[in-house]
2 protein chains.
Amino acid sequence: MELLEILGCSPPLAREPLDAEQAAAVARVFKALGDPVRLRILSIVASRAGGEVCVCDITGAFDLSQPTISHHLKVLKEVGLLTSERRASWVYYRLVPETLGELSALLTVPATV
Amino acid sequence: MELLEILGCSPPLAREPLDAEQAAAVARVFKALGDPVRLRILSIVASRAGGEVCVCDITGAFDLSQPTISHHLKVLKEVGLLTSERRASWVYYRLVPETLGELSALLTVPATV
DNA sequence: CATCTATATTGACATGCATCTATACAGCTT
DNA sequence: AAGCTGTATAGATGCATGTCAATATAGATG
């Protein structure tokens, strides 16, 4: 079962308890978000007007080695938060808004009426 | 600055890049969510009708030692996702819906019109 | 083809973390 | 007060992970 499917099938946390499989799948994504560098990378990509960001733009924003940034991009890609596309010498990363949306829905808490 | 304040002040990821301080604060919370056991604990508490759950109810739901559960509860409490209250011999945990709500808002992605 | 740039992979290292056992603490009950 | 139950803390251990330097790969260009 694909990760996005599991995310999509997982009820909001406040609706019913997650089973072990759902929890494992969701935790993978949150773990990816649980690093300040990855969060900043994600926000850089997510907020970029054109929708895509060249790796070189990201590397320049941090005081970290290029392999480290590359590693974080890989993690974000593996959990389905980003996709990448190579064009000529450059690789461009894009947000996968569906994944972020599923997570947001998962955390949605019912209005306390 | 309190964590919930930082969460509240942090723009949605898709609006503008997080600065280092915001990212660090937000990452702490996501890191807490990045463990399957903690996610399940959180969903058990969040979905409980009365709003509060006794530790003994949680411990029984896992095949883990009592100290391990206690550790996870502490982590969830430290990042502001849960609060606890002792009454007689038992300790009851409650969700802090504001924290979950802030996270949800943070991940909200604008509708792709 | 040789070389240069952009990005990814590998391997090493230090730190972090999930888990356990053993123990401490808090509050009840007798 | 003594003992019992529920929960937390301390300390130990093995594994995961963030980082780097070194190297590999992909594509462009001279």
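Lettering follows sequence order; numbering is per chain, from 1. Atoms considered below: every heavy atom in the structure, side chains included; atoms not considered: hydrogens, waters and symmetry mates.
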Which part of the nucleic acid does [X] contact within heavy-atom distance under 4.0 Å: base, sugar-phosphate only, or nothing?
X	answer
A:Leu64	sugar-phosphate
A:Lys31	sugar-phosphate
A:Tyr92	nothing

Between atom [atom1] in [X] and atom [atom2] in [N], what is the gap in whole Å?
X	N	atom1	atom2	value
B:Asp35	D:dT17	CG	C1'	14 Å
B:His72	D:dA8	NE2	P	13 Å
B:Leu82	D:dA8	CG	P	11 Å
A:Lys74	D:dG18	NZ	P	13 Å
A:His71	C:dA8	NE2	P	13 Å
B:Tyr93	D:dG6	OH	P	16 Å
A:Arg28	D:dT17	CZ	P	11 Å
B:Glu85	D:dA8	CD	P	13 Å

[atom1]/[X] to [atom2]/[Y] distance, rounded to the nearest 0.5 angstrom?
X	Y	atom1	atom2	result
A:Ile41	A:Thr59	CD1	OG1	8.0 Å
B:Phe30	B:Leu106	CZ	CG	5.5 Å
B:Thr68	B:Asp63	OG1	CG	11.0 Å

Original post:
Do B:Leu82 and B:Val75 belong to the same hydrophobic cluster, where Ile, Leu, Val, Met, Phe, Trp and Tyr are linked whenever their side-chain heavy atoms lie under 4.5 Å apart, directly or via other members?
Top reply: no
Subject >> Where protein sits on nucleotides 21-30 of chain C, one letter per nucleotide: B base, S sugar-phosphate only, - none, heavy atoms under 4.0 Å >> reply: BB----SS--
**OP:** Please say which of A:Val96, A:Val45, A:Leu100 ends up in a side-chain contact (heavy atoms from CB on, under 4.5 Å) with A:Leu81.
**Re:** A:Leu100
Original post:
For the residue pair A:Leu18 and B:Ser43, what are the closest heavy atoms and their distance?
Top reply: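 It is N-OG, 3.0 Å.
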Subject >> Closest non-hydrogen atom pair, A:His72 against A:Arg38 >> reply: ND1-NH1, 3.1 Å
Subject >> Counterpart base for D:dA28, defined by Watson-Crick or G-U wobble contacts under 3.5 Å >> reply: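 Because both required distances fall under 3.5 Å, D:dA28 counts as paired with C:dT3.
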Original post:
Are A:Ser84 and A:Lys77 close enough that a side-chain donor and a side-chain acceptor fall under 3.5 Å?
Top reply: yes
Original post:
Residues from residues 47-58 of chain B sitting under 4.0 Å of DNA chain D, heavy atoms only?
Top reply: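 Within residues 47-58 of chain B, the residues near DNA chain D are B:Cys54, B:Val55, B:Cys56.
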Original post:
Any cation-pi pair here, A:Arg87 with A:Tyr92, using under 6.0 Å and within 45°?
Top reply: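 The answer is yes; both the distance and angle limits are met.
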